[in-house]
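The first residue in the sequence is number 1, and the count goes up from there. When reading the values below, keep in mind they use all heavy atoms of this one structure, side chains included, and skip hydrogens, waters and symmetry mates.
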Amino acid sequence: MTRVIDLRHYGHGSLPEGFRQMLIEVHAHSYANAMDDEFNQRFPWFVDHWSGMDGFTCVVAFDGDEPTGFAYGAPLQPGREWWRSTEFEPNNGYTATYAVSEVMVRPQWRKQGISDRLHEALLKERSEDLAVLLVDVTHPKVQELYETWGYEKAGEQRPFADSPLYAVMVKRLHP
């Protein structure tokens, strides 16, 4: 049976009651086997940080009333783009960058194209020149997935002392 997955869009300043807790619960379910990791335990801080940023946008996938996954991010401040620490050279100085902070689908809904739909919906109306995301270097299959979405690896970085080493992936939004 094919499920109908509904995508709902949210933005900074118009988040419904319970939005934060919904994201935290999807994350906890998605990382159930890794919640003893202190970095994963800090996810509520990341939700507060990102959802408080100007330009924050989020797309949540629902199967009926059940949240199945989400993607969110926000524009990065000029000079603070994650690719700045790499060899990446933007085209003709076009540097406005949207950071894709999270793309997450709960286990029982994976391998159905939901992450692709969430990502596409998140970036569809973006006016920035570039999208950037970070992927744990110990997850090469995830990196390969992002490459099929048009990202290229620009370098590596560890944004927090206790975070994994990440591949910095960049996608040109308006080639």
Side-chain angles (χ1 to χ4, degrees), residues 5-31 35 38-63 65-86 88 90 94-106 109 113-136 139 142 145-146 149-151 154 157-160 162-164 166-174:
I5 301 296
D6 178 34
L7 300 182
R8 300 178 195 167
H9 297 257
Y10 303 92
H12 176 72
S14 64
L15 302 177
E17 187 174 328
F19 177 83
R20 176 183 189 269
Q21 189 59 35
M22 174 183 61
L23 297 187
I24 291 168
E25 288 172 7
V26 169
H27 175 269
H29 188 241
S30 298
Y31 285 90
M35 286 308 292
E38 287 183 34
F39 190 72
N40 285 333
Q41 292 173 10
R42 290 205 333 249
F43 184 72
W45 179 89
F46 287 103
V47 171
D48 294 342
H49 171 75
W50 284 93
S51 64
M53 293 176 71
D54 286 336
F56 169 81
T57 56
C58 181
V59 180
V60 181
F62 286 88
D63 183 352
D65 290 331
E66 186 75 23
T68 66
F70 59 84
Y72 71 68
L76 294 174
Q77 294 297 316
R80 304 279 318 244
E81 301 91 346
W82 298 340
W83 52 263
R84 292 260 180 209
S85 64
T86 72
F88 178 78
Y94 295 116
T95 62
T97 304
Y98 183 86
V100 177
S101 178
E102 296 287 346
V103 178
M104 186 174 308
V105 176
R106 292 170 60 191
W109 283 277
I114 296 171
S115 63
D116 185 29
R117 289 184 57 206
L118 285 165
H119 175 263
E120 184 178 316
L122 184 69
L123 295 182
K124 185 174 183 169
E125 304 295 325
R126 300 308 314 172
S127 61
E128 291 83 8
D129 308 304
L130 306 166
V132 65
L133 55 78
L134 304 176
V135 59
D136 187 327
H139 297 110
V142 177
L145 173 65
Y146 292 146
W149 293 352
Y151 287 87
Q157 68 174 246
R158 187 180 312 271
F160 300 97
D162 65 341
S163 74
Y166 289 107
V168 179
M169 309 275 307
V170 180
K171 175 180 177 154
R172 288 172 170 77
L173 296 177
H174 308 288

Taking all atoms of both residues into account, what is the closest heavy-atom pair of [X] and [Y], and its distance?
| X | Y | value |
| --- | --- | --- |
| Leu133 | Trp82 | CA-CZ3, 4.0 Å |
| Val59 | His9 | CG2-ND1, 3.5 Å |
| Pro164 | Pro159 | O-CD, 4.3 Å |
| Pro67 | Arg106 | O-NH1, 2.7 Å |
| Cys58 | Val60 | SG-CG2, 3.8 Å |
| Leu118 | Phe70 | CD1-N, 3.6 Å |

Rounded distance (nearest 0.5 Å) linking atom [atom1] of [X] with atom [atom2] of [Y]:
| X | Y | atom1 | atom2 | answer |
| --- | --- | --- | --- | --- |
| Phe46 | Ile24 | CZ | CD1 | 12.5 Å |
| Leu15 | Leu23 | CG | CG | 8.5 Å |
| Tyr94 | Arg172 | OH | CZ | 12.5 Å |
| Thr95 | Phe88 | OG1 | CZ | 10.0 Å |
| Gln77 | Met53 | CD | CE | 6.5 Å |
| Met22 | Glu66 | CE | CD | 11.0 Å |

What pairs with Phe62 under ring-ring contact (aromatic ring centres under 6.0 Å, His included), at least two apart in sequence or on another chain?
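Applying ring-ring contact (aromatic ring centres under 6.0 Å, His included) to Phe62 gives none.
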Considering residues at least two apart in sequence or located in another chain, which fulfil the ring-ring contact (aromatic ring centres under 6.0 Å, His included) criterion with His29?
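Expected list: none.
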Can you list everything that forms a side chain to side chain contact (heavy atoms under 4.5 Å, CB included) with [X]? Sequence neighbours excluded, please.
| X | answer |
| --- | --- |
| Ala28 | none |
| Ser101 | Trp50, Tyr72 |
| Arg126 | Thr57, Pro75, Tyr98, Leu123, Glu128, Leu173 |

Test of understanding: with salt bridge (Lys or Arg N to Asp or Glu O under 4.0 Å), list the residues that count as partners of [X], not counting sequence neighbours.
| X | answer |
| --- | --- |
| Asp54 | none |
| Asp48 | Arg20 |
| Glu25 | none |

Mind checking what makes side chain to side chain donor-acceptor pair (under 3.5 Å) contact with [X], not counting sequence neighbours?
| X | value |
| --- | --- |
| His27 | none |
| Glu102 | none |
| Trp149 | Asp116 |
| Ser163 | none |

Heavy atoms, side chains only, cut-off 4.5 Å: are [X] and [Y] in contact?
| X | Y | answer |
| --- | --- | --- |
| Tyr146 | Val100 | no |
| Ser51 | Tyr10 | no |
| Arg117 | Leu7 | yes |

Over 60° means perpendicular and under 30° means parallel, so classify the ring planes of Phe160 and Trp45, tilted if in between.
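Ring orientation, 0 to 90° scale: perpendicular.
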Test side-chain contact (heavy atoms from CB on, under 4.5 Å) on Val135 and Tyr151; report intermediate values, then the result.
CA-CA 11 Å; Val135 59; Tyr151 287 87; over 6 Å; no
With distance as the sole test, does Thr97 use its side chain to make a donor-acceptor pair with the main-chain N or O of Leu76 at under 3.5 Å?
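No.
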May I ask you to check whether over 12 heavy atoms, not counting those of Gln41, lie within 6.0 Å of atom CD?
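Atom CD in Gln41 is packed in, count exceeds 12.
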